[in-house]
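See below for the structure under consideration.
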Amino acid sequence: MAETPALDSVDPVTAREFRAAVLEHYRLEGRSFPWRDTHDPWRILVSEFMLQQTQTIRVLPKYLAWFERFPDMECLVDAPLADVYEAWRGLGYNNRALRLRQTAREIVSDHGGSVPVDERSLMALPGIGRYTARAILAFAFGKPGIVLETNIRTAFIFHFFPGAVGVSDRELEPVAAATMDEADPRTWYYALMDYGAWLKKREPNPGRQSAG
DNA sequence: CTCCTGCATA
DNA sequence: TATGCAGGAG
């Protein structure tokens, strides 16, 4: 890291005010989910696999049923593929269920059964890219990092690039860095996601741009 | 960069 | 019925 001198595209006062507003919104209207009530890295990992492709409302019952059937990582490692697909049914993208089992297997075989705590190792696992790796680090381990996801992009664009279309992640990253709550990235990103989701409900399509 | 998925929505 | 989605992979 540290090749681009991240100049402040957001001054500290603006960043602080933005943080305060988002956290206040979270306090008033923040959502509650079972995967937010745990720090268990495996549970958070499973939730992120599901949330990659499916909205929270539909993930919720599947997530709960999943852990009824596969209470821990080892249960999934040993599970027949047919059982895995059956538990996944309704979420779509069956290949990702396969990748989730493969990730469980690799965590057991290569990491002693513990979800790795570094981005590179996480990204080496099948089905885990930059977003999911950093989300796991933030939500399970409280490690700060730049996490860009659709709702978070919406929140940043709405406030810092109002009306703009096609804002790139390269442009959003300095904003993410300047506004992040290093002391509590977990709460911060929950709040930011909820705020973005809330904005989308009110004003559809404030703009999106995929990763590069 | 493009392609992929399985569902939701237009 | 066609297109959009949202993240990972190639």
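Note that these values count all heavy atoms, side chains included, but never hydrogens, waters or copies made by symmetry. Residue numbers begin at 1 in each chain, while the letters A, B, ... track the order of the sequences.
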Find every protein N or O atom lying less than 3.5 Å from an N or O atom of nucleotides 8-10 of chain C, and list the pairs.
| from | atom 1 | to | atom 2 | distance (Å) |
| --- | --- | --- | --- | --- |
| dG8(C) | OP1 | Gly129(A) | N | 3.0 |
| dG8(C) | OP1 | Thr132(A) | N | 3.0 |
| dG8(C) | OP1 | Thr132(A) | OG1 | 2.7 |
| dA9(C) | OP1 | Gly127(A) | N | 2.3 |
| dA9(C) | OP2 | Ile128(A) | O | 3.3 |

(request) Report the residues that fulfil ring-ring contact (aromatic ring centres under 6.0 Å, His included) with Trp35(A), sequence neighbours left out, ordered by chain and then residue number. (result)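 By the ring-ring contact (aromatic ring centres under 6.0 Å, His included) rule, Trp35(A) matches Phe33(A), Tyr63(A).
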[X]: partners by side-chain contact (heavy atoms from CB on, under 4.5 Å), with sequence neighbours left out:
X: Asp184(A); result: Asp181(A), Arg186(A), Thr187(A)
X: Pro144(A); result: Met180(A), Glu182(A), Pro185(A)
X: Asp72(A); result: Glu74(A), Cys75(A)
X: Ala135(A); result: Glu48(A), Tyr131(A), Phe139(A)

Could you run down the sub-3.5 Å N/O contacts of the protein with nucleotides 8-10 of chain B?
none

When the distance from [atom1] of [X] to [atom2] of [N] is rounded to whole Å, what number comes out?
X: Asn151(A); N: dA6(C); atom1: CG; atom2: C1'; answer: 11 Å
X: Gln53(A); N: dG4(C); atom1: CD; atom2: C1'; answer: 16 Å
X: Ile152(A); N: dA6(C); atom1: CD1; atom2: P; answer: 13 Å
X: Asn95(A); N: dA6(C); atom1: CG; atom2: C1'; answer: 16 Å
X: Asn94(A); N: dC4(B); atom1: CG; atom2: C1'; answer: 13 Å

(message) Going by the rule salt bridge (Lys or Arg N to Asp or Glu O under 4.0 Å), which residues pair with Glu17(A) if we only count those two or more places apart in sequence or in a different chain?
(response)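 Partners of Glu17(A) by the salt bridge (Lys or Arg N to Asp or Glu O under 4.0 Å) criterion come out as none, since no residue qualifies.
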(message) Could you work out, with salt bridge (Lys or Arg N to Asp or Glu O under 4.0 Å) as the rule, every residue matching Arg69(A), not counting sequence neighbours?
(response)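 Per chain and number, Arg69(A) pairs via salt bridge (Lys or Arg N to Asp or Glu O under 4.0 Å) with Glu86(A).
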(message) Does dG7(C) have its OP1 or OP2 closer than 4.0 Å to a side-chain nitrogen or oxygen of Arg153(A)?
(response)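 Yes, within the criterion.
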(request) Please determine, for the side chain of Glu149(A), which listed nucleotide (dG6(B), dA6(C), dG7(C)) has the closest atom? (result)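 Output: dG7(C).
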(message) Under the side chain to side chain donor-acceptor pair (under 3.5 Å) definition, can you give me all pairs with a residue in residues 108-122 of chain A, not counting sequence neighbours?
(response)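 For residues 108-122 of chain A, and leaving out neighbouring residues, the side chain to side chain donor-acceptor pair (under 3.5 Å) pairs sorted by first residue read Asp118(A)-Ser121(A), Glu119(A)-Arg134(A).
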(message) Below 4.0 angstrom, which residues in residues 39-49 of chain A have at least one non-hydrogen atom near DNA chain C?
(response)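 Output list: empty, so none.
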(message) Strictly distance-based, threshold 3.5 Å: is any side-chain N or O of Glu106(A) a donor or acceptor partner for the main-chain N or O of Thr103(A)?
(response)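 Checked: no pair found.
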(request) Determine, stepwise, if the pair Asp194(A) / Arg36(A) fulfils salt bridge (Lys or Arg N to Asp or Glu O under 4.0 Å). (result) CA-CA 12 Å; Asp194(A) 287 3; Arg36(A) 291 183 177 183; 2.8 Å; yes
Please table the atom pairs, donor to acceptor, closer than 3.5 Å between any side-chain atom in residues 51-60 of chain A and protein atoms at least two apart or in another chain.
| from | atom 1 | to | atom 2 | distance (Å) |
| --- | --- | --- | --- | --- |
| Gln52(A) | NE2 | Gly127(A) | O | 3.0 |
| Gln52(A) | NE2 | Thr132(A) | OG1 | 2.8 |
| Gln53(A) | NE2 | Leu91(A) | O | 3.4 |
| Gln53(A) | NE2 | Gly92(A) | O | 3.2 |
| Thr54(A) | OG1 | Leu91(A) | O | 3.1 |

